[in-house]
> 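Submitted below is the structure of interest, expressed as structure tokens.
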Amino acid sequence: MATTTATAPKKSAPKAQAQGFTGIKSGLSVIICCAVVAVLIFLFVFGHASNFKGGAEALGASFSVFSDVESIEPDGIIGTVYKGGFVVPIIWTLCFSVIAFGIERFFAIRNAYGRTSLAKFVADIKAALKEGNLDKAQKICDAQRGSVANVVGATLKKYREVESNTELNKDQKIIAIQKELEEATALEMPMLQENLPIIGTITSLGTLAGLFGTVLGMIKSFAAMSAGDGGADSSALATGIAEALVNTASGIATGALAVIFYNYYTNKIDRLTFCLDEVGFSIVQTFSATH
């Protein structure tokens, strides 16, 4: 005789807490978009004929980047930057990438901090733990959201689980709480450090690209000196030096911007980690003192 099993209503899985903006996963796509923007600005804005002496008449509506422009002199800093050659959009790509990743990290880390001040959140959690009110502490985490609140919430959940566990002794329960804190932190931290290594790499690449452009500009200057009969072509010499200095300035500015962003966000992540350690220590101390 066939037996039929009653279909009990399935319990719906608990709703995952909304994570909000956690960052851009594909850093390469951002760099490619920045490269496209840099090349377009380089060609159609800085390379416009109006930025060169007699460019509108000599070149007409369209011109070649690497041939026609070489035969005329720049009319101002924009034309000089354009004559810096292919190194210029490379440096701009790095600069635009730093700005893009800096903005992306700003929103990602701000979301990780949560809705209110991190210092206030830590103080409220510690006050709730001091009162022994775990429900209040959990409500504070639910209201705060963000990475810190997620880690603290997971640790409080483990706190409740081991509290009702009669098979573990006190030391084992404390170790279980500490392990949960470490695991939850390990899950959240990679999200905070996303794309920061790219910014750190551009710190060096920006300066090196600027140096490369400087060397190319100086090569043009020395070529102008050697080509002159008994003396250097002062115009070509000045243009080559200007190109070298423009590339140097662009590379240094890009490297400096990358250093500022990298150190700023690293400091923000360190502060967040310190707050996690502080709250985790308070949770463990509370359990140790009350059990």
Side-chain angles (χ1 to χ4, degrees), residues 14-31 97-126 128-129 134 137-162 173-204 257-287:
K15 258 188 180 179
Q17 195 175 29
Q19 293 292 322
F21 181 74
T22 58
I24 299 174
K25 303 301 179 186
S26 177
L28 180 60
S29 62
V30 174
I31 296 174
S97 297
V98 168
I99 295 172
F101 287 127
I103 295 172
E104 179 260 353
R105 283 296 87 197
F106 172 79
F107 287 106
I109 294 177
R110 188 180 70 171
N111 180 73
Y113 267 61
R115 293 184 170 182
T116 62
S117 166
L118 199 57
K120 183 180 182 301
F121 170 73
V122 172
D124 291 343
I125 289 291
K126 291 174 73 174
L129 291 173
L134 295 182
Q138 189 64 57
K139 287 179 181 178
I140 293 172
C141 290
D142 294 339
Q144 176 73 5
R145 297 190 179 182
S147 296
V148 178
N150 290 342
V151 173
V152 175
T155 309
L156 290 174
K157 183 179 178 182
K158 177 61 68 173
Y159 186 112
R160 293 177 182 275
E161 289 179 3
V162 300
K173 291 178 179 180
I174 291 176
I175 292 173
I177 295 173
Q178 290 175 334
K179 184 178 179 183
E180 180 65 26
L181 174 65
E182 292 171 359
E183 290 178 352
T185 302
L187 288 174
E188 296 289 342
M189 289 308 294
M191 181 178 62
L192 298 177
Q193 295 173 343
E194 191 96 40
N195 296 323
L196 270 184
I198 298 178
I199 298 178
T201 302
I202 294 177
T203 299
S204 301
L257 189 63
V259 168
I260 292 171
F261 275 129
Y262 184 81
N263 289 335
Y264 174 74
Y265 290 127
T266 300
N267 180 66
K268 295 278 284 185
I269 293 173
D270 289 343
R271 183 169 173 240
L272 186 146
T273 305
F274 174 77
C275 290
L276 282 176
D277 292 339
E278 184 179 358
V279 175
F281 179 78
S282 298
I283 294 174
V284 173
Q285 287 297 104
T286 299
F287 186 90

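Computed from a prediction, not measured in an experiment: that's the story for all the values here.
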> For the residue pair G153 and C141, what are the closest heavy atoms and their distance?
N-SG, 3.9 Å
> Side chain of N150, backbone of G146: donor and acceptor closer than 3.5 Å?
yes
> Is there a side-chain contact between V152 and I283, using heavy atoms and a 4.5 Å cut-off?
yes
> Determine the minimum heavy-atom distance between I125 and A137, stating which atoms define it.
CD1-O, 3.5 Å
> Do the side chains of F107 and I103 get nearer than 4.5 Å, heavy atoms only?
yes
> On a heavy-atom basis, which atom in S147 and which in E188 lie closest, and how many Å separate them?
OG-OE1, 3.0 Å
> Ignoring hydrogens and geometry, is there a side-chain-to-backbone donor-acceptor pair from Q138 to L156 under 3.5 Å?
no
> How about D124 and T116: do any of their side-chain heavy atoms sit closer than 4.5 Å?
no
> Rounded to the nearest 0.5 Å, how far does OG of S26 lie from CD of E194?
9.5 Å
> Is a donor on one side and an acceptor on the other found under 3.5 Å between the side chain of S204 and the backbone of G200?
no
> Could you give the distance from CD1 (I177) to CD (E161), rounded to the nearest 0.5 Å?
10.0 Å
> Could you report the tightest heavy-atom contact between I198 and G27, atom names first, then the distance?
CD1-CA, 4.1 Å
> Closest approach of G280 and L181, non-hydrogen atoms and distance?
CA-CD2, 3.5 Å
> Does the structure place the NZ or CZ of K268 under 6.0 Å from the centre of the six-membered ring of Y113, at an angle of no more than 45° from the ring's axis?
yes
> Does a side-chain heavy-atom distance below 4.5 Å link I269 with L196?
yes
> Under 3.5 Å, side chain of Y262 to main-chain N/O of T203, donor-acceptor pair present?
no
> Hey, do the aromatic rings of F101 and F261 have their centres closer than 6.0 Å?
no
> Hey, is E180 close enough to K157 for a salt bridge, meaning N to O under 4.0 Å?
no
> Does N267 reach the side chain of N263, with side-chain heavy atoms less than 4.5 Å apart?
no
